[in-house]
Number of protein chains: 4
Amino acid sequence: MPTKKQKQVSAAPPERRRELLATAAEVFAAQGYNATTVRKIADAAGMLAGSLYYHFDSKESMLDEILSTFLDELWAGYDTVLAAGLGPRETIEALVTESFREIDRHRDAVAIYQKESRHLAVQPRFRYLADSQVKFEKAWLGTLERGVAEQAFRADLDVRLTYRFVRDTVWVAASWYRPGGLHSPEEIARQYLSMVLDGIALRR
Amino acid sequence: MPTKKQKQVSAAPPERRRELLATAAEVFAAQGYNATTVRKIADAAGMLAGSLYYHFDSKESMLDEILSTFLDELWAGYDTVLAAGLGPRETIEALVTESFREIDRHRDAVAIYQKESRHLAVQPRFRYLADSQVKFEKAWLGTLERGVAEQAFRADLDVRLTYRFVRDTVWVAASWYRPGGLHSPEEIARQYLSMVLDGIALRR
Amino acid sequence: MPTKKQKQVSAAPPERRRELLATAAEVFAAQGYNATTVRKIADAAGMLAGSLYYHFDSKESMLDEILSTFLDELWAGYDTVLAAGLGPRETIEALVTESFREIDRHRDAVAIYQKESRHLAVQPRFRYLADSQVKFEKAWLGTLERGVAEQAFRADLDVRLTYRFVRDTVWVAASWYRPGGLHSPEEIARQYLSMVLDGIALRR
Amino acid sequence: MPTKKQKQVSAAPPERRRELLATAAEVFAAQGYNATTVRKIADAAGMLAGSLYYHFDSKESMLDEILSTFLDELWAGYDTVLAAGLGPRETIEALVTESFREIDRHRDAVAIYQKESRHLAVQPRFRYLADSQVKFEKAWLGTLERGVAEQAFRADLDVRLTYRFVRDTVWVAASWYRPGGLHSPEEIARQYLSMVLDGIALRR
DNA sequence: TATGAATGAGATTTCATTCAT
DNA sequence: TATGAATGAAATCTCATTCAT
């Protein structure tokens, strides 16, 4: 039964949008949002700059949709993990693994997020970035604190510093990660977790 | 390393220049290079946009001077460390500590470097960024490999992954570091090293 | 007078055309011709912008048809009045009454005419607006002059000023007139004529 | 003592602005706001389109400044009249005369106001147009009502209709008025008042 | 040294119009 | 008849840069 492409019954309209957003995300990630002209996006999509405005209100709304779509999916994954009732170490392991999966699925969006979220977050339109940031910190920092209390994590470290360490460590990976590379997201997660949890020094 | 452009105006008091560059760096770091208009810099410096051109050739040359000054100093520090003939673990410790000191001294430049160096490096004018990158990798990766060989570091990790892990982990700190905060650069370095080398998990 | 363009699509049901023109006229009148996008018209008509082009050549041709239809009807009425051989005062009364009837029937067209005719008239396509203007002035000014000569109207006024006064006085009414309001066009005409002819001051 | 141009001591900066606004107003009045491109304004001012943005934020802000400046002056004049404690007929006479003086001084702004104020007034930025409208109606309608009560004006007319009649009759004059023409504003006001108050019909 | 005004190139956006389906 | 997608021209606006004073 050679149905290469199942008919998009009701999911028809967003199809083109999604393609265009993927293209835009690629260019944004590669060149930076501000350095990206809509003409570059249109070129990459094989159309004229003005034509993009049939699909989107503005360059900014493309950025908005890219980021919010990513964050929605990220939180779907995180919320599942957080609701699973795991111990602190297992929660951290699951969050890190989930993060690398998201990087794998949304590499461009993550890269954009890394570079732009800080100065975007002050704009009302992008308030949700700041909100997400807060929720994010609550989840990770809370887990780390629980881990210290339950003697899963070291107590001699500034927990806030630890939080930043783990957070940055994971997410900057998006800047060099290439989907379809040598390592699967799970494999990268495994090695990262090993380093983060046990260190890189050889134990004697 | 960056070859310094000839100073543009003969006897421009270096004092004012430095102030203006610091101002520019602050704005670049906060808003991103492309999103920063010369007007914003001028506003922050209390002058009109056109007046900046008495001091600098162009917006790009400000960026250039900020980044090259930073890299010059960074390499002065690194080269001293690398010439000291320390063991691999001690070398890593010294490099990390030196890195946090540079973040302390050049926070804005580091933040700019993080955000912009990738797409700048392709321009001839900023070739030195790519050169530095190569030299940087040689120093760190080499030290890590030496450490594995000398059984200072674990052999079961992908060393390239380890390199990125350590590199990113240290430098992203510039994105949240505030000079004059709770911890001195040395204290932060100490804790970071402890995490990187020994992990955050409690050993039983 | 406007020479009708050939109907663009052979058997386009004139019914739908008329509806669409009424819709277009409404939007033109409310927002101004230039500020009206074809999308706004299409929205108001419950279709997509491109679909309008099945019915009309262009946005301009809609405007053309609205204005020429209105002027055709206006002149049918005026010509009847002018051919009736009335005295000057009675002619003015009849013209004013007829004008308010036209405002009642073509409110939007009149409003558009008021706002746009001056700058449209220079275009060849809209030459008929200028022609109408000339014919209009001839009819009114002539009647007023005849009235002065026959001692129906005051001789101490600049007749040109009087002409403008009467003309404007009547037609601006389209800007506030709402069909189906308190007063019938005939009643408004009566009161306007009373003011124009006898003034608003109480006679002692 | 040939002082052609007194030195503009403190009023220096707005000089250029005022010139440019006058130019813009001229073009807006002639072609309509929407049909006027900033390029046309710039051409008329002998500069490039982009250069206008050194002086103004946007095309809209030029319009805003033109209209608000006009209304400020108008109300200064009206308020003086209204505060003078005149009888109703004398108040109407003074308001009409003042109106023609404003038309003389701000012909372009008045023409723009006539054409654009209705659809602008719905925008928050131009709320003051609606406010002014209300205040305007209060002043004129109030005076007319007082005049009816004090038997200065006819009681057999719909006063609201009378208000519109007088209001429109005066202000549309801006559409044909040319400063420096045959009649001074005062002379036009005199004849208009004569028509409005006593009618154009010859009394027997 | 700095200002005020402008340039000119290019960016984003708008919109009437077209056209295959 | 209408839709969905696009074109292409032009409009508004931005901004690094220049320059006379």
Side-chain angles (χ1 to χ4, degrees), chain A residues 12-13 15-17 19-20 34-42 45-62, chain B residues 9 11-13 16-17 20 33-42 45-63, chain C residues 9 11-13 16-17 20 33-42 45-63, chain D residues 12-13 15-17 19-20 34-42 45-62:
Chain A
E15 195 51 38
R16 192 82 180 95
R17 273 182 96 74
E19 281 173 38
L20 292 172
N34 281 291
T36 298
T37 67
V38 301
R39 202 173 164 293
K40 281 182 193 159
I41 301 173
M47 51 170 35
L48 293 178
S51 307
L52 283 172
Y53 289 79
Y54 176 76
H55 301 278
F56 305 97
D57 286 345
S58 64
K59 181 181 159 190
E60 198 182 65
S61 78
M62 292 187 228
Chain B
V9 171
R16 192 87 180 94
R17 258 185 112 69
L20 291 172
Y33 173 71
N34 280 294
T36 299
T37 66
V38 302
R39 201 174 168 293
K40 280 181 192 159
I41 302 172
M47 49 171 38
L48 291 181
S51 310
L52 281 173
Y53 287 80
Y54 178 80
H55 301 278
F56 304 97
D57 287 343
S58 65
K59 180 182 161 189
E60 201 184 60
S61 77
M62 292 186 229
L63 177 65
Chain C
V9 171
R16 191 88 180 93
R17 261 187 109 68
L20 291 172
Y33 174 71
N34 280 293
T36 298
T37 67
V38 303
R39 201 173 168 293
K40 280 182 193 159
I41 301 172
M47 48 171 40
L48 291 181
S51 308
L52 281 173
Y53 286 79
Y54 178 80
H55 301 279
F56 304 97
D57 288 342
S58 65
K59 181 182 161 189
E60 200 183 60
S61 77
M62 292 186 230
L63 177 63
Chain D
E15 196 48 40
R16 192 82 180 94
R17 272 181 98 74
E19 281 173 39
L20 292 172
N34 281 291
T36 299
T37 68
V38 301
R39 202 173 164 293
K40 281 181 194 159
I41 301 172
M47 50 170 38
L48 292 178
S51 307
L52 282 173
Y53 289 80
Y54 176 76
H55 301 277
F56 305 96
D57 285 346
S58 65
K59 180 182 159 189
E60 200 183 62
S61 77
M62 292 186 228

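FYI, side chains are in, hydrogens and waters are out, and symmetry mates aren't considered; it's all heavy atoms of this structure. Proteins get letters first, then strands, A, B, ... in listed order; numbering begins at 1 in each.
Put simply, CZ on B/Arg17 is 14 Å from C1' on E/dT1, counting in whole angstrom units. Rounded to an integer number of Å, the gap from B/Arg16 CZ to E/dA2 C1' is 10 Å. One can place CE of A/Met47 at 15 Å from P of F/dG4, the figure rounded to the nearest angstrom. Look at CD on D/Glu60: it is 13 Å from P on E/dT14, rounded to the nearest Å. With rounding to whole Å, A/Phe56 atom CZ is found 13 Å from F/dA5 atom C1'. When the C1' atom of F/dA11 is taken as reference, atom CD1 of D/Ile41 falls 12 Å away, rounded to whole Å. Taking atom NE2 on B/His55 and atom C1' on E/dT3, their separation rounds to 12 Å, with Å as the unit. One interatomic measurement links the two molecules: NZ of C/Lys40 to P of E/dT14, which rounds to 11 Å at whole-angstrom precision.
Contacts of A/Thr36 with the nucleic acid, taken as non-hydrogen atoms under 4.0 Å apart, involve only primed sugar atoms and P, OP1 or OP2. D/Val38 comes within contact range of the sugar-phosphate backbone alone, with a heavy-atom separation under 4.0 Å but no base atom that close.
In the helix from E/dA2-F/dT21 to E/dT21-F/dA2, the terminal helix axes, each the rotation mapping four pairs' C1' atoms onto the next four within five end pairs, subtend 10°, rounded to 10°.
Residue D/His55 comes nearest to D/Arg17 through the heavy atom pair O-NH1, 2.8 Å, listed as atom of the first residue, atom of the second, then distance. A pairwise comparison of heavy atoms in A/Met47 and A/Ser51 identifies SD-CB, 3.9 Å as the closest pair. Heavy atoms only, all atoms of each residue included: B/Ala45 and B/Leu20 are closest at CB-CD2, 3.7 Å. Of all the heavy atoms in C/Ser61 and C/Phe56, the pair that sits closest is OG-CB, 3.9 Å.
Side-chain proximity of A/Lys59 to E/dT13, F/dA6, E/dA6: nearest is E/dT13. The listed nucleotides are E/dT7, F/dG8, E/dT12; the one nearest the side chain of D/Leu48 is E/dT7. With E/dA6, F/dA16, E/dA2 as the choices, the nucleotide that has an atom nearest any side-chain atom of D/Tyr54 turns out to be E/dA6. Relative to the side chain of A/Thr37, the nucleotides F/dT3, F/dC13, E/dT12 differ in distance, and E/dT12 lies closest.
The CD1 atom of D/Ile41 sits 4.5 Å away from atom CE of D/Met62, with the distance rounded to the nearest 0.5 Å. Distance check: D/Leu52 CG to D/Ser58 OG gives 11.0 Å after rounding to the nearest 0.5 Å. Rounded to the nearest 0.5 angstrom, B/Tyr33 OH and B/Lys59 NZ are separated by 5.0 Å.
Ranked by how close their nearest DNA chain F nucleotide is to the 5' end, A/Gly46 and D/Ala49 are led by A/Gly46. Nearest-nucleotide positions on DNA chain E place D/Ser51 closer to the 5' end than the other of D/Ser51 and A/Gly50.
Taking 4.0 angstrom as the limit, D/Arg39 places none of its side-chain polar atoms (N or O) nearer than this to OP1 or OP2 of F/dA9. Taking only side-chain nitrogens and oxygens, B/Tyr53 comes nearer than 4.0 Å to OP1 or OP2 of F/dT17.
D/Lys40 places a side-chain heavy atom less than 4.5 Å from the side chain of D/Thr37.
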